[in-house]
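Structure record follows, encoded as C-alpha cells.
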Amino acid sequence: MSSTLKKIELILWFKCNCRCAFCVVDAETARQSMTTAEAVRHMGRARKEGASAVDFGGGEPTLRDDLAALVRAAAAFGYSDIGVKSNGLMFCYPEYVETLRRAGADRFSVSVWGDCPSVHDALCRTPGAFEKMEMGIKNVVDSGGDPEAEVLLTVGSVPRLGRIVGAFADIGVKRFRFWLYSLFGADSRFPELLPTLTDAGAAISRTSSSFASRGLIFSTSHVPPCFLRARGVYAPIADEGLRIITPGGAFAAERSPFEAGVKTRRCAGCSHADRCGGVRHEYLQRFSDAEITPI
C-alpha cells in the first residue's frame, strides 16, 4: 500500500450500460459487487487512516440505486473531495446530476473516447453515447460541478487530441487526464489501438502548447516525462496516495496492471528516474524500449 493514504477509489461493481470493445470485464467479474454496507465500512476505515478524497467508480457507478446515499455517507465522514467516475450517460439527466451535487459530489470524471459520435460511439459500441455524455458534461457545468475529461489515448484519438480538448473545453471542461490504451487483459484483442509513446507524448505536448492561454490543466501518469516536452503534465500515480478498493480486495494504485511500469537500461541516468513510474511491460513487448531517451 502507499505509505501515505490520501484518496480511495471504490470500485462498487462492474455492471455497465456501455459495451466498450476493449472492456476487460468478463462474465465472472461482472457478477462481483460491493454492498452498501461494505462501501460505507471502507470509507470509514480509510477516513480514519487519513484519506480525505474518495472516488466512486466501476463498472458504471451511476447505475446503482445507492450512489447518492454513498455520496452523502462520504460527506458525513468528512471527505472534502468527493468524485464520481462515469461514462457520463446518466449525467444527461439534469435532475440526476443535481441529486448527486446535493448529496455532496463535486468532481465528475467522464470517460472520453473521441470528439464526435463516429469515433466515441464506435469504441463504446453504444449508439447515442457521445450525445448523452456531452449533454451530461454540460449539465455538470451548469450545476456548478467540476468535470474532468479522462481521454483515452489510442491510434484514433492521438491525431485528434487537439480537437478533443477544444471541443470539451468549449463546453466548460478545464481538466484533462490522458490514459494510454492498455494491452492488459481483454484489451489485448485490439493491439492495433495502442499508439506509440512518441506519438502520444508529441500530441499531448502540442495540445498543451496550443491551449496554454486558456488555463486548462493537463495530466498523465501513463506517458513518461521523456516523451513530454510540456512541463508539469506528468503526474506519477504514486504521488496521489491512492488506494483502489474492489469487491475482491484492495491495492495501491501504482500496483495496478494499468499503472505499474518497469524501467529498462535505457532509463539509466535519467533525471526523472526516481519519480517516473516507467513503461508498462506489455507496451515494451509490443514496441520495445527503443523510443526511450533519458533526460
Side-chain angles (χ1 to χ4, degrees), residues 1-7 9 22 24 53 109 112 148-162 164-165 175-185 187-188 191-212 215-244 251-295:
M1 298 296 182
S2 298
S3 57
T4 302
L5 180 64
K6 303 175 184 177
K7 179 180 180 179
E9 180 179 342
F22 46 79
V24 301
S109 300
V112 174
E148 178 182 47
E150 296 195 331
V151 182
L152 185 66
L153 299 172
T154 67
V155 294
S157 66
V158 162
R160 306 170 67 92
L161 200 58
I164 293 172
V165 168
R175 293 187 297 118
F176 295 82
R177 188 163 185 169
F178 303 117
W179 301 87
L180 185 68
Y181 181 80
S182 172
L183 296 183
F184 170 75
D187 290 21
S188 62
E192 67 276 8
L193 291 178
L194 178 65
T196 66
L197 285 169
T198 298
D199 288 345
I204 292 173
S205 299
R206 285 195 305 270
T207 302
S208 176
S209 177
S210 297
F211 290 90
L216 305 180
I217 299 172
F218 301 114
S219 66
T220 182
S221 60
H222 290 180
V223 181
C226 59
F227 295 97
L228 295 166
R229 294 189 301 274
R231 294 185 177 182
V233 175
Y234 182 68
I237 196 71
D239 286 0
E240 292 191 23
L242 170 62
R243 179 184 300 167
I244 298 175
F251 51 89
E254 58 267 30
R255 296 180 184 174
S256 162
F258 296 104
E259 295 289 348
V262 296
K263 298 185 180 76
T264 76
R265 60 184 180 179
R266 293 182 66 88
C267 299
C270 182
S271 60
H272 290 263
D274 291 341
R275 189 165 180 261
C276 178
V279 178
R280 287 196 299 241
H281 179 69
E282 71 270 16
Y283 181 92
L284 294 173
Q285 285 185 315
R286 179 165 175 79
F287 290 118
S288 84
D289 65 350
E291 300 169 88
I292 297 174
T293 303
I295 54 177

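Position 1 is the first residue of the sequence; numbering continues from there. These figures come from a predicted structure and were not determined experimentally.
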Taking C-beta and beyond as the side chain, do [X] and [Y] meet within less than 4.5 Å on heavy atoms?
{"X": "Tyr234", "Y": "Cys276", "result": "yes"}
{"X": "Phe218", "Y": "Val165", "result": "yes"}
{"X": "His272", "Y": "Ile295", "result": "yes"}
{"X": "Phe287", "Y": "Val279", "result": "no"}
{"X": "Glu291", "Y": "Tyr283", "result": "yes"}
{"X": "Arg177", "Y": "Ser109", "result": "no"}
{"X": "Leu161", "Y": "Leu153", "result": "yes"}
{"X": "Leu180", "Y": "Phe258", "result": "no"}

Salt bridge (Lys or Arg N to Asp or Glu O under 4.0 Å) partners of Glu259, counting only residues at least two apart
none
Parallel, tilted or perpendicular for Phe178 and Phe176, by the 30°/60° rule?
parallel
Closest approach of [X] to [Y] (non-hydrogen atoms, all atoms of both residues):
{"X": "Ser205", "Y": "Ala230", "value": "OG-N, 3.5 Å"}
{"X": "Trp179", "Y": "Glu150", "value": "NE1-CB, 3.4 Å"}
{"X": "Val223", "Y": "Gly201", "value": "CG1-CA, 3.9 Å"}
{"X": "Leu242", "Y": "Glu254", "value": "O-OE1, 4.5 Å"}
{"X": "Pro191", "Y": "Leu183", "value": "CA-CD2, 3.5 Å"}
{"X": "Ser208", "Y": "Val233", "value": "OG-CG2, 4.4 Å"}

Rounded distance (nearest 0.5 Å) linking atom [atom1] of [X] with atom [atom2] of [Y]:
{"X": "Glu9", "Y": "Ser256", "atom1": "CD", "atom2": "OG", "result": "9.5 Å"}
{"X": "Tyr181", "Y": "His222", "atom1": "OH", "atom2": "NE2", "result": "13.5 Å"}
{"X": "Asp289", "Y": "Arg265", "atom1": "CG", "atom2": "CZ", "result": "7.0 Å"}

Please identify each residue that fulfils side chain to side chain contact (heavy atoms under 4.5 Å, CB included) with Asp239, with sequence neighbours left out.
Pro236, Arg275
Could you go through Ile292 and Phe227, starting from their C-alpha distance and side-chain angles, then the distance that decides it, and tell me whether this counts as side chain to side chain contact (heavy atoms under 4.5 Å, CB included)?
CA-CA 8 Å; Ile292 297 174; Phe227 295 97; 4.1 Å; yes
Would you say Ser221's side chain and Ile237's backbone share a donor-acceptor pair under 3.5 angstrom?
no
